[in-house]
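Single-structure report; data block below.
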2 protein chains.
Amino acid sequence: MTAYEAELTHIEQRELFYTGKAKSLYRTNRPDVLWVDFRDDLTAGDGKKRGQEAGKGALNARIAAHLFDYLEGAGVRTHFLKYIEPSVHLVRAVQILPLEVVVRNIAAGSLIRRIGWEEGRPLSEPLVEWYYKRDDLGDPLLAEAHIALLSLADSTTLASLKEQALLINTLLQKKFSDAGLLLADFKLEFGRLASGTIVLADEISPDTCRLWDASSRVSYDKDRFRKDQGDVLGAYREVARRLGLV
Amino acid sequence: MTAYEAELTHIEQRELFYTGKAKSLYRTNRPDVLWVDFRDDLTAGDGKKRGQEAGKGALNARIAAHLFDYLEGAGVRTHFLKYIEPSVHLVRAVQILPLEVVVRNIAAGSLIRRIGWEEGRPLSEPLVEWYYKRDDLGDPLLAEAHIALLSLADSTTLASLKEQALLINTLLQKKFSDAGLLLADFKLEFGRLASGTIVLADEISPDTCRLWDASSRVSYDKDRFRKDQGDVLGAYREVARRLGLV
């Protein structure tokens, strides 16, 4: 255990300062460390549909911790510091960029409504999309010209985010492929450390990925909740099981 | 009159082959020339709202003819050949590109819903947006990555379209400014001649532009119909009057 890791054993949870749709963020006794509680809440359609699945938060926290560790091991810088069972991450405090970065390998979700392709059609190469992280506007798609207009990120930052997103995609595709799962698409968020360095933040879990059984193409992700397909928790648990976590 | 123009005096209208939301396209006795009838129909919200204003088609045909002549005179290649009173354009036959090109100078319409700005806020520089010309999908916004995925246009073509759109914007802003009107935004369509050359097509009119009185900011365009502000025809006639056409 390094001195830094040892310090993380003395982190104390302090006041709540941000409540997201599925996670609550608390300050700690260290200003550069946040305490993230993965809740059991599920939302879809910009929060219009809401539900709860007891144990979902813990499964997501476990899966996301595993994936952050895996990505860090492959050279991706993330905000992740430590997993505290059952449902907490200690993370570096970052300023979240107001862009959701979506990477797509197979047509699904809003892409099929936008371009009229059938669900399941593979893309010739991975597609990176930018969405404006604004719940009040319904998280709309942005072209790079809008991002420039809004001064959300300069072109160098966008190029770097895209490169990181594509690297993460390659790594996650390999990881999920080994678990018999297709990674149809997923959403990433990035944040800026006090030093200015941009790192991967938020979470990677069945809440933020479309994961399909490689043979049957059955969904093992939040689409089970969006589409009322039932056994949401069983699907999330199956992802954890296939990753060797439960 | 050139020999080419003389030939255009012997064009005969033949069969209808395409009915758009506000124009009907007919073949002629020449395969490279189409007969475009500007109708009195008005639609908004992807065709959900419909209306008619007797005389609107003729006003738009007159205004669009004037603007195409003006742009041609400034070096912009267009599909326009000849105006036949009251409501017909003879145009070169083109294959319309499935992209609507929107240029914005001032925040209005779907942009304010997308980025959350108040209507009327000027943009720091003109914004060029691409929309997929697909009524069945509601003409959605596309990023350049979607255009590449769909093979709708290569990057050289996109760069050329953007350059032309910005030149047209500069020319139209000047033209409307001289008429006491602000050009908030407008939509262009381009088409490919048999030779492969891409030229400006469709129309430029109060149906496809947001035109505001420079002082009062009152709308002289289709927003009067969209927003039920009344006297749609009077507004279109005022645009024609300020352009010296009626």
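All chains are named by letter (A, B, ...) in the order of the sequence lines, taking the proteins before the strands, and each is independently numbered beginning at 1.
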> Measuring heavy-atom distances to chain A, does B:E129 have an atom under 4.5 Å in its side chain, in its backbone, in both, or in neither?
Replying inline: side chain

> Can you say whether A:W117 sits under 4.5 Å from chain B via the side chain, the backbone, both, or neither, judging by heavy atoms?
Replying inline: side chain

>> Quick one about B:S24 and B:R39 (side-chain donor to acceptor, distance below 3.5 Å, no hydrogens or angles considered), yes or no?
In response: yes

> Checking B:R113 against chain A: side chain, backbone, both or neither under 4.5 Å from a heavy atom?
Replying inline: backbone

> B:R104 and B:S110: side-chain donor and acceptor closer than 3.5 Å?
Replying inline: yes

>> Can you tell whether the side chains of B:R210 and B:D185 come within less than 4.0 Å, N to carboxylate O?
In response: yes

>> Looking at A:K175, I'd like to know if its NZ atom is crowded, meaning that more than 12 non-hydrogen atoms belonging to other residues, nucleotides or ligands lie closer than 6.0 Å.
In response: yes

>> With a 4.5 angstrom heavy-atom cut-off, is it the side chain or the backbone of B:I115 that approaches chain A, or both, or neither?
In response: both

